[in-house]
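Read the numbers this way: they start at 1 and go in the same order the structure lists the ligands and their atoms.
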Amino acid sequence: MDFKALIEKMTVREKVLQLLQLEPTFFAAVEDEFNTGPKRRWQLSDADIASTGTVINFSGASKLHGFQDDYMRKNPYGLPLMTMLDVIHGYRTVYPIPLGLAASWDMDIVRDCTAMAAKEASYDGIQLTFAPMVDLVRDARWGRVAESPGEDPLLCSDFARASVEGFQGDLGEGKLAACVKHYAAYGAAEAGRDYNTTDMSERTLREFYLPAYKAAIDAGATTVMSSFNAFNGVPSSGNKLLMKDILRDEWGFDGVTVSDYAAMWELIPHGVAADEKEAAYLSMEAGMDLEMMTVTYARHLEALIEEGKIDLKQLDEAVLRILKLKEKMNLYENPYHFADEKKVEEVTLCKQHRDLARRAAEACAVLLKNDGALPLNKRKCKIALIGPNANTGNMLGCWSGKGKDEETVTVLQGIKNLIGEGRVGYAQGCEIGLTTTDESMIPAAVDLAKTAETVVLCIGEHKWDTGESSSRMDITLTDVQLKLFDEIYKVNDNIVVVLFAGRPMDLRKIKDRARAILCMWWPGTEAGNATANLLFGEVVPSGKITMSFPWAVGQCPIYYNRFNTGRPRSDDWKRCSCQSAYIDGPNSPLYPFGYGLSYTTFEYSDLKLSADKMERGGVIKAGVKVKNTGDYKAKEVVQLYIRDLVGSVVRPIKELKGYQKIELDKGEEKLVEFTINEDMLAFYGADMTRKAEEGKFRVFIGTNSDVKEYLEFELL
Ligand code: BGC
């Protein structure tokens with residue numbers, strides 16, 4: 001396609017409209033609420049709609065042909081529309097929420113799952129997904145932690161890369177273009193309240209928050225979404241430092257930028273634009289291409305160009321990027337991409353996809369506590385399955401695509417599938433909602449608990465308790481769930497808790513009394529089968545949390561790669577010792593980053609470094625022996641952390657620099673080795689250049705971020 005000639009032919013209005021993204025309803029010619037409502041209010045004519053460049057929230061292979069044909073017939077140049085949707089952790093087959101998926105520490109699974117989602121969605125007429133979301137998160141109050149890979153820049157980056165590879169592949173059949181989001185630092189919303197302001201140093205931004213977006217872009221993500229938050233006083237959609245200086249000039253990103261839903265218009269309530277026209281001006285100046293579901297460009301860009309405030313060249317460049325994205329997806333040749341109703345039927349919820357969703361859910365589960373209660377005995381045990389999350393398909397979590405609760409395997413069903421009907425009784429116990437206080441179902445649950453050997457208590461959150469605009473001040477279990485636990489405990493103290501939640505929770509009130517706690521996150525379509533397999537030891541848990549579980553919500557934000565301070569809390573800390581500590585609780589979280597138990601035990605020994613000095617450009621090998629000393633063949637995530645002891649600026653007390661997920665037979669021992677190079681030691685120093693500074697480094701290899709044993713080497 002000769003884009004230059006095309007752009008020359010297009011009127012300014014037609015170009016402006018390529019930048020507009022609307023919901024499907026706007027494209028219908030019938031008089032309905034959209035045509036008489038928003039469409040008219042926004043002064044969009046039918047001709048405008050015929051030139052609008054992209055459509056959000058479109059899906060359905062059966063509809064796409066008619067929809068696209070109709071659009072192309074009306075479009076003055078016969079151009080195709082591009083369809084976009086949030087395909088975050090699955091489509092009809094749903095796999096665990098990203099915070100869970102990351103807990104697998106298995107990037108092959110991430111790649112396979114995103115590829116599976118792409119397949120189901122792409123056949124169903126979707127061409128771009130607004131994913132991966134790779135906002136680094138440190139505050140469990142924020143509802144969107146569920147969508148994030150967690151608190152570590154290395155893991156977030158690996159997750160970003162694997163997701164883009166899975167979604168996009170070669171962008172051909174069964175593939176989606178990927179849009180990395182929400183650029184930038186949306187996960188640092190103050191006080192964990194969604195859409196709230198973010199304020200941080202450029203060093204923190206570059207060191208912790210940016211790497212994952214950059215990794216997605218380096219992996220070829222076609223599109224970048226600006227975030228809702230103000231970053232150091234300037235909302236992302238109008239933020240030149242983020243959108244231009246860093247993204248375009250420094251990283252050389254030449255793909256499309258898209259605003260989050262209405263985020264360009266929101267420059268007005270943010271208070272940096274007086275009106276829509278100024279919002280359009282600031283966004284264009286910052287380098288925003290696509291406007292999602294508001295019309296600041298559509299209504300004001302032409303005037304801004306006529307008045308000479310915006311250079312026509314800027315508009316042409318934005319249009320070119322969008323036209324090129326459509327070319328990348330081969331839409332000029334094949335405007336339906338590979339939408340295919342028959343294929344939808346073939347792949348949707350097919351055995352292969354369900355198997356993968358189950359394996360992913362198994363790999364993501366984190367065993368937080370076990371005093372020997374798990375695994376349960378498949379042949380003998382009699383269980384009371386209790387709890388609001390025990391017999392519900394509400395297992396998919398936020399942003400679960402086209403997933404349906406009724407197509408989801410409940411825990412009750414999963415257990416019956418594995419051990420039969422005979423030895424499991426069920427009682428709901430209570431409702432799950434945050435505001436529910438009804439205790440009337442508790443007595444029946446207590447009666448059931450009396451009759452069983454083990455109580456499996458499925459509690460946690462409702463799926464709507466995490467996700468967008470679902471921030472919480474209190475991350476404990478609801479009172480009625482705690483009451484249910486207490487009452488059951490009085491009659492049967494053999495309680496295994498299965499937690500379904502989209503965030504780290506404060507579990508102090510049950511932690512000591514529960515005999516085991518298995519965190520399943522929101523596991524997806526195969527929830528019940530995966531849970532049953534884990535409970536009964538068909539599969540051994542191997543997930544590790546990628547976000548610290550706070551001891552109490554007051555610790556938030558909390559993260560393992562923190563700085564030491566000038567007065568670090570000592571082991572013998574006492575009140576009034578003037579150290580950086582809380583007087584009413586510990587500094588450390590309930591469960592640290594990287595933590596997760598197994599049914600077996602692992603012994604780490606013989607930590608070794610190949611040298612105690614590293615030349616510039618050289619490498620050092622760090623190795624440790626890991627032995628399976630328990631009774632189950634199992635997987636372990638071996639984690640490498642490094643601490644730079646003295647820098648020109650303060651350095652984290654530990655940073656994850658590598659990890660390997662290995663499998664060991666009973667009694668088997670393996671030497672696990674990591675290669676440390678200079679780049680792994682680099683950071684933004686006092687002069688803001690990224691380099692490794694000479695001096696001593698500590699190397700830790702262990703089972704979670706709380707590992708104590710270390711060796712040291714010196715970088716010359
Ligand atoms: C969310 C984005 C999402 C977009 C489109 C917004 O509200 O913040 O993550 O991609 O809607 O659905």
Does ligand 1 have any N/O pairs with the protein under 3.5 Å, and how far apart?
from     : atom 1 : to   : atom 2 : distance (Å)
ligand 1 : 7 (O)  : E468 : OE1    : 2.8
ligand 1 : 7 (O)  : E468 : OE2    : 2.9
ligand 1 : 8 (O)  : R144 : NH1    : 2.7
ligand 1 : 8 (O)  : R144 : NH2    : 3.4
ligand 1 : 8 (O)  : D260 : OD1    : 3.3
ligand 1 : 8 (O)  : D260 : OD2    : 2.5
ligand 1 : 8 (O)  : E468 : OE1    : 3.4
ligand 1 : 9 (O)  : R144 : NH2    : 2.9
ligand 1 : 9 (O)  : K181 : NZ     : 2.8
ligand 1 : 9 (O)  : H182 : NE2    : 2.6
ligand 1 : 10 (O) : D86  : OD1    : 2.5
ligand 1 : 10 (O) : K181 : NZ     : 3.1
ligand 1 : 11 (O) : D260 : OD1    : 3.4
ligand 1 : 12 (O) : D86  : OD2    : 2.4

Measure centre to centre between the rings of [X] and [Y], then say whether the value is under 6.0 Å.
X	Y	result
W251	Y213	no
W399	Y91	no
Y123	F338	no

Less than 4.0 Å between a side-chain N and a carboxylate O, is that true for [Y] and [X]?
X	Y	value
K324	D254	no
R92	D124	no
R354	E526	yes

